[in-house]
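Below: one structure, written as structure tokens.
Note that the structure is predicted; figures quoted are calculated from it, not measured. For the single chain, residues carry numbers from 1 onward in sequence order. We use all heavy atoms of the structure for the numbers below, so side chains are in, but hydrogens, waters and symmetry mates are not.
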Amino acid sequence: MSTEPETTQDAEPETPGADTAAGAPEPTGEDVDRADAPSGGADGDGDVSGDEGEGTGTGTGTGAEGTGSAEAAAQVSEAAAELAAQRVERERIERRKAEKQTPIEAGGKLSGTAADLLAAVRAVESGEKPVATAFREPDPAPRRAAPEPVRRPQPLPAPAAPAPGAPPEAVAAVRAVLAGAGAPEGLAAQAVAVLGEGADGTLREDPWQLLRVPGVRPEQADGFARALLGAECGPDDERRGTALTVWLLEQAAVAGHTALDAAALTAALSQRSVPDPDGAVQSALAEGEALVFQDALDSAPPAAAAPDDDAEEEQERPVRILIGLERYALAEESLADGLARLMNSVPKEDGSAADWEREAASAPRSAGELIRTVAAHGLVLHTGGEASRSEAAALLHAARALGLRGWAAAHTSGGRDGFAARLARHEPSDGAADRPTVGEATGAATVAGLLSGAEGPGRDTDGALDLDVLVVLDAPQLDVETAAVLAESLPDGARLVLSGDPGVLWSAGPGRVFADLLAARACPQVASRTPDPGPIGELVSGIGIGELNQVEAPGKEVVIVPVRDAGEAVHRTVQLVADSVPRAIGVPAEQTQVITPGHGGPVGTRALNTALKERLNPGPGRFGGFDPGDRIVHSPAPGRSLPGRVVRADAEGLHLDCSGTPVVVPKERVEQTVRHGWALTAHQAVGLRWPAAVVVLPGDAAAALTRPWVYTAFGRAERHLSVVHGVEQALPHAVAEIPQKPRTTRLQSLLKAQTPASG
């Protein structure tokens, strides 16, 4: 590694933005790296977090989540089209699930607590109260304690625009209820959107239903309930326990869990002053607000002495008891079913084994192995770094040569365009006229565009995607719901290849699909042998195995910039982007991306974006704090981050250019969905790469660092990486010893129950 590239001696004065930010509160769980989404996302720690507002404790709110507010643009957005497609698929999934006569059992022959849980499930399905013993014994292998971190108090969220079609009389009735209890009247439209036209009666009957409105927290719902119920309000109210159970499960989903261990859930309820946590959970189950599952653990504790056969057969098999929301339960079960269908269906007839072998033999070694494996299997996992994308391109080229319709799907438009360029490089040079062009039979799309039909091959008469081979790039970014829709959308006989780097951060949404599939070993796995080139590739590869190596960087490909405090970190970051990297490395400021662990704090994205805007594009912020030319990141849906630039603003809203795609954000949605984008978090940057990256590691970020975070952040650079280093030994410690925070999911056990293990 080198020292900082040649710079001027403090060519510019200290940035005013750094001084302003230095007095900001220290980052909390909500400010740590997470996907920037209007309705929440998983933070880098895997902890539960809510809205991302500044949270100063003054005024009526921070403009946090507003799912009830709708896009006012005349043209249906890509995000809306994706959500519509997902709703259609989810309805089809639910209809199919309803036709099943018995639930999926993952535990086999069970007794004792597991048998009680199975009885509870059936009691819920029949409408009866679950048995009282269902949750009296803790999980044999409890995981984490309460899933909620300590957070600073925040006011109720700011009002959002009314949803189109919300009856004015219904909104007015809810507004009267809210005003009578001292709650912001602006929440009325959101409450109607969430609770329906009878929301006023629902809130009068059960005030804690206000927790269903995005951004409302338990202490705020408690205050609302006290104002409505008076002396009848108490912490032991059954309605309160049920509402808090659902809220905790929803917050767990924000942190990436698809379910929670029963012990963790009851512990969290206890921390919320629920006197009878078990009763609260049982009430939520009885009312159909949550579901209970039992999954057999992989291994039982060893016995002290070898029992006889009868005693061994009678020994209770250890299970874990999970509680989850129906939405994610359906998604995981549907995904397991869809993947099992692909694995068990015979791949489409597409030539002989000799034809596939011919294509494999003409490809490089790792690509050839991938082609041979895909030839015989409906589902294949492909692992590797950025360079391994060439193997996926070679696979699609082989599929095209065999007359198959092959497509790749990336999560971002930048990833799509980059892979399309790789496909073009794999085009045959013989000018064969009988072969279709890339646009006709092979190509790249975004996942959202593929599912909505805005990109890709479209759907056949049965509603399935009209393709034979699908390669999903950056597969670790697949959340469970998107993965379920993809699996359900593929026709029988199609081949699905999930390709990605297992070392990067997981999805912003619930689930750990790629990691669960790798752990289940239910299908073939092909590991790339194509290393990422250069000093940056060498550095990142070492991080992936827990080693922070010093690499030779003769061209200043990797530079370490030590800093002592937050002010110096901001100053040096601005200097690197605006002066040092363009002059010494030749990468202009607009192609250099700053990455930092969190949004808040003196060196978070907010502070850095303030300083970078003042240096690179100063202006008064004429439209919601933005000026033409500002770099931004747009979050049209939870977990999706689209970098772009501000073009102009008018009566329609803020006009953006996101990788060549024009986007118009209505004025009322700007605050919730658009941020300045000179500095991003690693979650926002995953799946994207820039010619140069400046990774900022201030001293107060030490606790937020993990190996996947460092791996992801450092891997965003193509030609040059500068590390503004203020965490001392916390960096090598994180790389060597701090893995990804665990997520509780059911997919792995569902897959093992349905498919035999694959070597």
**OP:** Please determine which of Val665, Val670, Val647 meets the side chain to side chain contact (heavy atoms under 4.5 Å, CB included) test together with Leu656.
**Re:** Val665
Original post:
Are Gln220 and Leu210 side-chain neighbours, meaning at least one heavy-atom pair lies under 4.5 Å?
Top reply: no
Subject >> Side-chain heavy-atom pair Ile323, Leu249 within 4.5 angstrom cut-off >> reply: yes
Subject >> Side-chain donor or acceptor of Asp237 paired with backbone N/O of Gly234 under 3.5 Å >> reply: no
Subject >> Test item: Asp200 side-chain N/O and Ala170 main-chain N/O as donor-acceptor pair under 3.5 Å >> reply: no
**OP:** Quick one: pull up NZ in Lys667 and CG in Leu654 and give me the separation to the nearest 0.5 Å.
**Re:** 11.5 Å
**OP:** Nearest 0.5 Å please: distance from the OG1 atom of Thr258 over to the CZ atom of Arg746.
**Re:** 7.5 Å
Original post:
Is Pro235 close to Arg240 at the side-chain level, that is, under 4.5 Å between some pair of heavy atoms?
Top reply: yes
Original post:
Which pair of non-hydrogen atoms, one from Trp247 and one from Val216, has the smallest distance, and what is that distance?
Top reply: NE1-O, 3.6 Å
Original post:
Does a side chain donor of either Asp222 or Trp208 reach within less than 3.5 Å of an acceptor in the other side chain?
Top reply: yes
**OP:** Check for a donor-acceptor pair, side chain of Asp627 on one end and backbone N or O of Gly621 on the other, with a separation under 3.5 Å.
**Re:** yes
**OP:** Output yes when Glu205 and Arg239 qualify as a salt bridge under the 4.0 Å nitrogen-oxygen rule, no when they do not.
**Re:** no
**OP:** Please report the closest heavy-atom contact between Thr596 and Gly604, naming both atoms and the distance.
**Re:** CG2-C, 3.9 Å
**OP:** Would you mind reporting whether Leu248 and Gln251 have side-chain heavy atoms less than 4.5 Å apart?
**Re:** no
Subject >> Residue among Asn609, Leu608, Val633, Thr605 satisfying side chain to side chain contact (heavy atoms under 4.5 Å, CB included) with Trp678 >> reply: Asn609
Original post:
Taking the side chain from Arg459 and the backbone from Leu451, do they hold a donor-acceptor pair closer than 3.5 Å?
Top reply: yes
Original post:
At their closest point, which heavy atom of Leu642 faces which heavy atom of Pro636, and how far apart are they?
Top reply: CD1-CG, 3.9 Å
Original post:
Can you name the residues that form a side chain to side chain donor-acceptor pair (under 3.5 Å) with Glu289, not counting sequence neighbours?
Top reply: Arg212
Subject >> Side-chain donor/acceptor of Arg416 to backbone N/O of Ala445, under 3.5 Å >> reply: no
Original post:
Can you tell me if Gln684 uses its side chain to pair, donor with acceptor, with the backbone of Ser641 under 3.5 Å?
Top reply: no
Original post:
So, Glu185 side chain and Arg175 main chain: donor-acceptor pair closer than 3.5 Å or not?
Top reply: no
Subject >> Test log, rule side chain to side chain donor-acceptor pair (under 3.5 Å), inputs Thr202 and Gln209 >> reply: CA-CA 7 Å; Thr202 300; Gln209 290 298 305; over 6 Å; no
Original post:
How close do Ala483 and Leu335 get, heavy atom to heavy atom, and via which atoms?
Top reply: O-CD1, 3.5 Å
Original post:
Within a strict 4.5 Å, meaning less than it, do heavy atoms of the Leu244 and Val274 side chains meet?
Top reply: yes
**OP:** To the nearest 0.5 Å, tell me how far Leu322 CG sits from Leu265 CG.
**Re:** 10.5 Å
Subject >> Nearest-0.5 Å distance, CZ of residue Phe623 to CZ of residue Arg648 >> reply: 11.5 Å
Subject >> Within-4.5 Å side-chain heavy-atom neighbours: Phe293 and Glu333 >> reply: yes
Original post:
Do the side chains of Leu486 and Leu478 get nearer than 4.5 Å, heavy atoms only?
Top reply: yes
**OP:** Before giving the answer on side-chain contact (heavy atoms from CB on, under 4.5 Å), spell out for Glu169 and Glu197 the whole-Å C-alpha distance, their side-chain angles and the decisive distance to 0.1 Å.
**Re:** CA-CA 9 Å; Glu169 59 275 11; Glu197 294 186 19; 5.6 Å; no
Subject >> Straight-line distance of Thr482 OG1 to His411 NE2, nearest 0.5 Å >> reply: 8.0 Å
Original post:
From Asn617 CG over to Phe626 CZ, what is the distance, rounded to the nearest 0.5 angstrom?
Top reply: 12.0 Å
**OP:** Please name the pair of heavy atoms, one in Ser507 and one in Pro510, separated by the smallest distance, quoted to 0.1 Å.
**Re:** OG-O, 4.2 Å
Subject >> With Arg204 via salt bridge (Lys or Arg N to Asp or Glu O under 4.0 Å) - residues at least two apart >> reply: none
Original post:
Looking only at heavy atoms, what is the nearest atom pair of Ala221 and Leu211, with distance?
Top reply: CB-CG, 3.7 Å
Original post:
When Ser283 is tested against each of Asp276, Thr245, Thr242 for side-chain hydrogen bond (donor to acceptor under 3.5 Å, both in side chains), which residue passes?
Top reply: Thr242
**OP:** Mind running side-chain contact (heavy atoms from CB on, under 4.5 Å) on Thr745 and Tyr328 for me, showing each step along the way?
**Re:** CA-CA 9 Å; Thr745 63; Tyr328 304 115; over 6 Å; no
Subject >> 4.5 Å side-chain heavy-atom contact, Asp479 and Trp506 >> reply: no
